[in-house]
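Notes for the one structure printed next.
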Protein chains: 2
Amino acid sequence: MARTKDPAIRLRLIERAAQMLRAREPITLRSVVADTGLSTMAVYTYFGSMDGLWRAMRQEGFTRLAARLAAVAPSADPVRDLAALGAAYVSNALAHPDLYRVMFDSGFDLEDPAAADEGLLHFVRAVERAREAGRFPGGTDAPALATRTWIVGHGLASLTAAGPLPREALSAGPALLTAVFVDAGDDPVQCGRSVAEGWTL
Amino acid sequence: MARTKDPAIRLRLIERAAQMLRAREPITLRSVVADTGLSTMAVYTYFGSMDGLWRAMRQEGFTRLAARLAAVAPSADPVRDLAALGAAYVSNALAHPDLYRVMFDSGFDLEDPAAADEGLLHFVRAVERAREAGRFPGGTDAPALATRTWIVGHGLASLTAAGPLPREALSAGPALLTAVFVDAGDDPVQCGRSVAEGWTL
DNA sequence: TAATATAGCATAGCGATGCTATATTAATTC
DNA sequence: GAATTAATATAGCATCGCTATGCTATATTA
C-alpha cells in the first residue's frame, strides 16, 4: 500500500506537548514540531487538527490518572483505600496542575471516555468492598457514593492545584472524606482512623 | 485635558463578549467590536489587551455570583441558609456554564480578587450565625467550614455545569452538604431538614 | 474666547497562528 | 521491478492579537 503511521511519533508529540505545557511554553502548531525533524503536517497526520492534539493530551492525562489510581494497593481496610484513592487523585493533580486543568477544559470531549470511567471505577470497587465489609450500612448505592468522593476530590484538586486556594487548604481533604463516609454509615472513630491512614499526599 | 473614556462602552463590550460566549461564538479582537461602531482599538483603550477583556469577563462572573449570593435572604435557620447559598452557587454555574468555566481559567487572575472573597464571605457569615445558634458545636473554625462548603459546591458545579456528570448528579448536593454540616456537629435529623429546605435549584 | 495639550479613536500593517492544497517521497502489493 | 497509495514536505492563505501612526475631539489655560 503505502508507508504507515508510526505510533512512536504520535507518542513523542504528545509527550513533547505535555512537557511544553508543564514548562508553560506556548503550544503552537510550529513550536511542537520544532527541533523534532518533523514538519507541521505530522500534527494533522496523527491528530487531524491542533484541537485533536489537545484532545489527545487530555486523554493522556486521564490515562496517567487511571494508572496512578491503579497503583493504589488495596488493603484489608477498604475505607483506608478510599482515602488513599482520594489522596492519589489530588496528588496527581498537584503534580501536574496544568495538565489537570486541560483535562476538564473544552467540554470534556475525549477520544475514549471509557478511560475516564475507568478511574472512577477504582472508587466504585473500593466502595463495594467497604459495603461488603459492613462499613457502609446506609442505603446509598456504590456509584453514587463513589461519585460523591470524586466530587470532593475534584473540588479540592481544582481549587488548590489550578485555583485560588493555598496548599494548606488540602487539610480539608480528610475532614471532607470522613464526613462523606460517616454519612454513608461508617463508624466515626474507625472512619477517622482509616481516612487518616489512607490520606498520604 | 482630552476626551474621556466612556464607562458605558466598557460595559457594552463585556456584555457583548459574555453574550458571544454564551452563544459559543468565537470571541476575537475583531468580532467583539464588529457591528458596534467601535474600532479594534477600543479593546486596548478599555482593557489593555485581549487577555484584559477575558480578565474583565471573569471579574464580571464573580460580581454576578456575589450578587446572586447576596440575594439569598437570611432566615431564622442558618443551616438552611448555608444550603440555600450552596444551591445558589450551583444554580448560577448551571445558568452560565461557559462563564463559570472561564472564571476559573488562566490561573485565577482577577482585577479585583476581593470580589471573589466577598462571595465566600456570605458562606462564612452563615457559618458564624449557625455557630452562634449552637448548630456547630464542633471545633472547626468558620472560614475552614465555609471553605469546605465551597469545595463541595465547586466540585459539584464544575463537574455538572462544565463537566462530564449529568444533571441527575446534582442530587448529591444535599447529601454532601448534610455530611459536612453533621460532621461539624449539627444534629443529623435537624440538619437533613434544614438542608432539604434550603436546597432549591 | 482662542490656542494648546492630551487622551481617545480609526486605519493600516506586522509577525505569528491554524490550516490546506499540491508536489514529492517512500513503503507495500502484484 | 512497476504500480499504487499513504505519509511527508513545502508554500501559501485567511485570520489572529497587537502596535505604530496620524487624526479628532475635548479639557485646560492664558
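Below, chain A is the first sequence line, B the second, and so on; all start at residue 1. This one's a predicted model, so the numbers in the text were calculated from it and none came from an experiment.
The pair B:R193-B:D77 does not count as a salt bridge, with every side-chain nitrogen at least 4.0 angstrom from each carboxylate oxygen. Under 4.0 Å is where a charged nitrogen must lie from a carboxylate oxygen, and between B:R58 and B:D105 no such pair does. By the 4.0 Å N-to-carboxylate-O rule, B:D109 lies close enough to B:R55 to be salt-bridged with it.
Side-chain atoms of A:R68 and A:S91 include a donor-acceptor pair closer than 3.5 Å.
When the nearest nucleotides of DNA chain C are assigned to A:I27 and B:K5 by heavy-atom distance, the more 5′-ward of the two goes with B:K5. Both A:D6 and B:T4 sit near DNA chain D, but only A:D6 has its closest nucleotide nearer the 5' end. Take the nearest nucleotide of DNA chain D for A:R30 and for A:S39: the residue whose nucleotide is more 5' is A:S39.
Pairing for D:dT26 is with C:dA5, a Watson-Crick or G-U wobble pair whose two hydrogen-bonding atom distances lie under 3.5 Å. Across all strands shown, D:dC18 forms a Watson-Crick or G-U wobble pair, both distances under 3.5 Å, with C:dG13.
A:L38 has its side chain within reach of A:L13: a pair of non-hydrogen atoms, C-beta onward, lies under 4.5 Å apart.
By the neighbour-count criterion of 12 heavy atoms within 6.0 Å, atom CD of B:Q190 is densely surrounded, having more than that number from other residues, nucleotides or ligands.
For DNA chain C, the residues of residues 41-59 of chain A within the heavy-atom distance limit of 4.0 Å (strictly under) are A:M41, A:Y44, A:S49, A:M50, sorted by number.
Taking only side-chain atoms of B:T40, from C-beta outward, the nucleotide of C:dA12, C:dC9, C:dC19 with the closest atom is C:dA12.
In this entry the distance linking CG of A:L38 with C1' of D:dT8 reads 10 Å, nearest Å. For the pair B:I9 CD1 and C:dA10 C1', the interatomic distance rounds to 13 Å; values are reported in whole Å.
Put simply, B:T28 has a side-chain N or O that comes within less than 4.0 Å of OP1 or OP2 on D:dC16.
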